Amino acid sequence: MAAAASASAAAISTLPGASFPLHISARPQPARVSALPRTRASPPTWRLSVGSPRARSVRCLAAGGGGGLAPEMRATLDKVVGSHKVVLFMKGTKDFPQCGFSHTVVQILRSLDVPFETLDVLANEALRQGLKEYSSWPTFPQLYIDGEFFGGCDITVEAYKSGELQETLEKAMCS
């Protein structure tokens, strides 16, 4: 049996272009691509107080800005956001998040024992693109509390750590 194995190895090594064994340093290496500098500014990481004048202007922007958003999509999003106290537009579902950021926000909301609805933006390309215009926010997840855009993952985490998220949710649940 050992003789048969060495015979087949000898046959393989005689193939044109074959060079066995190939040392790891002699193997072709994949091209290495260096990270390119960011050319686009990242979204702001500030959080607005719900009652502040700035928050109202952001709400107006989300509700009436974005000239490219179809009226039907705007009406649908207004209805969804307005019909639930807490809505999370996320990648995946609350039971099976499809990204770490969405998972983080779900875990925060669950830890606060807050009832919330989720919508999977991966299931509908039109919804995903429409929400970006609706909220003027380019990334997901997007959390809405009491009909207003609250923020994405980073803002939600910061607000949770500071206690602001808990206060905002308490006010929303009492209204």
Side-chain angles (χ1 to χ4, degrees), residues 35-36 38-175:
L36 298 174
R38 293 179 72 176
T39 57
R40 185 176 165 186
S42 59
T45 56
W46 38 264
R47 172 65 193 121
L48 303 170
S49 297
V50 173
S52 74
R54 182 93 169 117
R56 283 190 293 276
S57 68
V58 169
R59 181 176 170 212
C60 291
L61 213 165
L69 188 59
E72 302 83 28
M73 177 62 77
R74 179 171 308 285
T76 300
L77 291 173
D78 284 340
K79 184 176 180 181
V80 170
V81 167
S83 63
H84 304 287
K85 292 289 184 179
V86 181
V87 181
L88 181 64
F89 293 95
M90 60 180 285
K91 294 180 178 177
T93 64
K94 66 171 93 175
D95 294 324
F96 194 62
Q98 295 293 303
C99 91
F101 300 112
S102 293
H103 176 74
T104 298
V105 176
V106 166
Q107 292 304 321
I108 288 172
L109 293 173
R110 282 186 169 159
S111 75
L112 297 174
D113 200 27
V114 173
F116 63 100
E117 297 297 322
T118 62
L119 278 93
D120 182 5
V121 298
L122 295 177
N124 187 321
E125 176 67 23
L127 172 66
R128 185 167 58 247
Q129 293 306 319
L131 269 165
K132 290 177 182 182
E133 289 188 46
Y134 183 79
S135 64
S136 299
W137 196 261
T139 60
F140 294 96
Q142 292 183 11
L143 179 62
Y144 288 78
I145 300 174
D146 210 14
E148 294 188 31
F149 176 67
F150 186 83
C153 181
D154 291 343
I155 290 173
T156 303
V157 169
E158 288 175 26
Y160 174 71
K161 288 178 181 177
S162 72
E164 181 185 354
L165 178 61
Q166 294 85 324
E167 290 175 24
T168 304
L169 288 168
E170 280 181 32
K171 288 178 187 172
M173 294 302 145
C174 292
S175 65

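All heavy atoms count here, side chains included; hydrogens, waters and symmetry mates do not. Computed from a predicted model, the values in this text were never measured in an experiment.
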### Task
Would you name the heavy atoms of L109 and L169 that are closest together and state the gap between them?
CD2-CD1, 4.2 Å
### Message
Tell me every residue that passes side chain to side chain contact (heavy atoms under 4.5 Å, CB included) with S111, counting only those two or more places apart in sequence or in another chain.
### Response
Y160
### Message
Run the side chain to side chain donor-acceptor pair (under 3.5 Å) test against S175 and tell me which residues pass, sequence neighbours left out.
### Response
K85, D146
### Query
Taking only residues at least two apart or on different chains, which pairs with a member in residues 97-120 satisfy ring pair (Phe, Tyr, Trp, His ring centres under 6.0 Å)?
none
#### Entry: Pairs touching residues 135-144 that satisfy salt bridge (Lys or Arg N to Asp or Glu O under 4.0 Å), sequence neighbours left out
none
### Task
For residues I145 and T168, report the shortest heavy-atom separation together with the two atoms involved.
CG2-CG2, 4.0 Å
### Query
Is there any salt bridge (Lys or Arg N to Asp or Glu O under 4.0 Å) pair reaching into residues 88-100, and which pairs are they, with sequence neighbours excluded?
D95-R110
### Message
Do L165 and F150 make a side-chain contact, defined as non-hydrogen atoms from C-beta onward lying under 4.5 Å apart?
### Response
yes
### Summary
Tightest non-hydrogen contact, residues L122 and G92, listed as CD1-N, 4.1 Å
### Summary
On a heavy-atom basis, the closest approach of V80 and S83 is O-OG, 3.2 Å
### Task
Calculate, to the nearest 0.5 Å, the distance between atoms SG and CD belonging to C153 and E158 respectively.
10.0 Å
### Query
Can you list the residues that meet the side chain to side chain contact (heavy atoms under 4.5 Å, CB included) rule with V81, with sequence neighbours excluded?
F89, Y134, Y144
### Query
Can you pull the side-chain hydrogen bond (donor to acceptor under 3.5 Å, both in side chains) pairs that have at least one residue in residues 113-126, sequence neighbours excluded?
E125-R128, E125-Q129
### Distance, nearest 0.5 Å, that separates OG1 of T156 from CD of E164
10.0 Å
#### Entry: Closest heavy-atom pair and its distance - M90, S102
CB-OG, 3.5 Å
#### Entry: Nearest-0.5 Å distance, CZ of residue F149 to CG of residue L131
9.5 Å
### Task
Could you tell me the separation between the CD atom of Q142 and the CG atom of L119, rounded to the nearest 0.5 Å?
11.5 Å
### Query
Are T93 and V106 side-chain neighbours, meaning at least one heavy-atom pair lies under 4.5 Å?
no
